[in-house]
*Asks:* 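Okay, handing you the structure first.
Quantities reported herein were computed from a predicted structural model and do not represent experimental measurements. In what follows, every chain begins at residue 1, and chains take the letters A, B, ... in the order their sequences are listed. Any value given below was found using the heavy atoms of this structure, including those in side chains, with hydrogens, waters and symmetry copies removed.
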Amino acid sequence: MKSEPGVFSIDDLAKVKNQTTYWDGVRNYQARNFLRDEIKTGDKVIFYHSNSEPPVAAGICEVVREGYPDFTAFDSENIHFDLKSDFDNPTWFMVDIKLIRIFKHPVALSEIRANKKLANMILVRRGNRLSVMPVTKEEFEEIVSMGDKR
DNA sequence: GCCAACGTTGGC
DNA sequence: GCCAACGTTGGC
């Protein structure tokens with residue numbers, strides 16, 4: 001799951017109550033489908049910092065509440081407000097995640113690209129822009145082993 | 001700041 | 001249903 005650290009970073013997550021947050025603002029249908037249909041309580045998540053210098057896999061989290069309507073879509077004051085999302089038939093969904101740990105060694109996108117075991121990650125596929133995407137168990141464990149070094 | 005890639009919108 | 005125009009993402 002990607003976040004711009006200038007908006008919400010893994011360090012921000014470490015500071016909030018219960019180190020838990022709702023993952024709001026996803027406004028892409030493919031990513032929405034993962035949030036609504038695929039992600040389950042107990043799933044592990046890589047927290048990725050996009051649009052940062054450098055972009056990195058910053059740490060890991062766990063899903064503590066699975067797909068439910070993204071209420072920010074109903075709030076006209078919210079930056080993620082969507083007039084077309086019907087309260088009784090919501091368009092957008094979110095999950096809650098809780099911090100597990102911040103990597104001692106944040107794994108740079110360049111390191112991910114350089115690792116042959118991670119060559120098939122959706123993240124590194126050309127043109128990919130998804131902010132929520134699946135990761136295989138093997139990819140997850142490889143990233144974690146890189147992140148926990150040092 | 002640039003721009004490739006992609007998703008969405010809306011005229012037809 | 002097509003597709004040009006436009007907006008966004010996000011690496012570089």
*Asks:* To the nearest Å, how far apart are A:Y29 OH and B:dT9 C1'?
*Replies:*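 My rounded result for the distance is 12 Å.
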
*Asks:* Is there a side-chain contact between A:R125 and the phosphate of C:dG11, meaning an N or O under 4.0 Å from OP1 or OP2?
*Replies:*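 Negative; the distance criterion is not met.
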
*Asks:* Could you state the atom-to-atom distance from CZ of A:R129 to C1' of B:dC6 in whole Å?
*Replies:*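 Atom-to-atom, A:R129 to B:dC6, this comes out as 4 Å.
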
*Asks:* Does NZ or CZ of A:R65 come closer than 6.0 Å to the centre of the six-membered ring of A:Y68, within 45° of the ring's axis?
*Replies:*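 Yes, A:R65 lies over the aromatic ring of A:Y68.
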
*Asks:* Would you say a side-chain N or O of A:R126 is under 4.0 Å from OP1 or OP2 of B:dA5?
*Replies:*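 It does, given that an N or O in the side chain of A:R126 lies less than 4.0 Å from OP1 or OP2 of B:dA5.
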
*Asks:* Could you state the CD1-P distance from A:I122 to C:dT9, rounded to the nearest angstrom?
*Replies:*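 Nearest whole value for this atom pair: 19 Å.
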
*Asks:* Salt bridge or not between A:D37 and A:R32? Use side-chain N to carboxylate O under 4.0 Å.
*Replies:*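 Salt bridge between A:D37 and A:R32, a charged N being under 4.0 Å from a carboxylate O: no.
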
*Asks:* In plain terms, say whether A:K117 and A:E142 are close enough for a salt bridge, that is, a side-chain N and a carboxylate O under 4.0 Å apart.
*Replies:*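 The answer is yes: the pair qualifies as a salt bridge.
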
*Asks:* Output the rounded distance in Å from CG (A:L130) to C1' (B:dA5).
*Replies:*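 Taking CG of A:L130 and C1' of B:dA5, I get 12 Å after rounding.
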
*Asks:* Taking any heavy-atom pair under 4.0 Å as a contact, classify A:R27: base, sugar-phosphate, or nothing.
*Replies:*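 If one applies the 4.0 Å heavy-atom cut-off, A:R27 turns out to touch nothing in the nucleic acid.
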
*Asks:* Does a side-chain N or O of A:K2 approach OP1 or OP2 of C:dG10 to a distance below 4.0 Å, or not?
*Replies:*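 Yes, within the criterion.
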
*Asks:* Whole-Å distance between C:dG11 P and A:H49 NE2?
*Replies:*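 Those two atoms, NE2 and P, are 12 Å apart.
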
*Asks:* Determine, stepwise, if the pair A:W92 / A:V26 fulfils side-chain contact (heavy atoms from CB on, under 4.5 Å).
*Replies:* CA-CA 7 Å; A:W92 307 116; A:V26 172; 5.6 Å; no

*Asks:* Does A:N28 or A:N51 map to a spot on DNA chain B nearer the 5' end, using the closest nucleotide for each?
*Replies:*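 The residue closer to the strand's 5' end, by nearest nucleotide, is A:N51.
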
*Asks:* Counting the atoms with a prime plus P, OP1 and OP2 as sugar-phosphate, which does A:L123 contact under 4.0 Å by heavy atoms, base, sugar-phosphate, or nothing?
*Replies:*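 The answer is nothing, as A:L123 stays clear of every strand by at least 4.0 Å.
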
*Asks:* A:Q30 CD to C:dT9 P: how many Å, rounded?
*Replies:*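 One finds 15 Å between P of C:dT9 and CD of A:Q30, rounded.
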
*Asks:* Determine: side-chain N/O of A:Y48 to OP1/OP2 of C:dG11, distance under 4.0 Å, yes or no.
*Replies:*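 A:Y48 to C:dG11 OP1/OP2: side-chain N or O found under 4.0 Å.
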
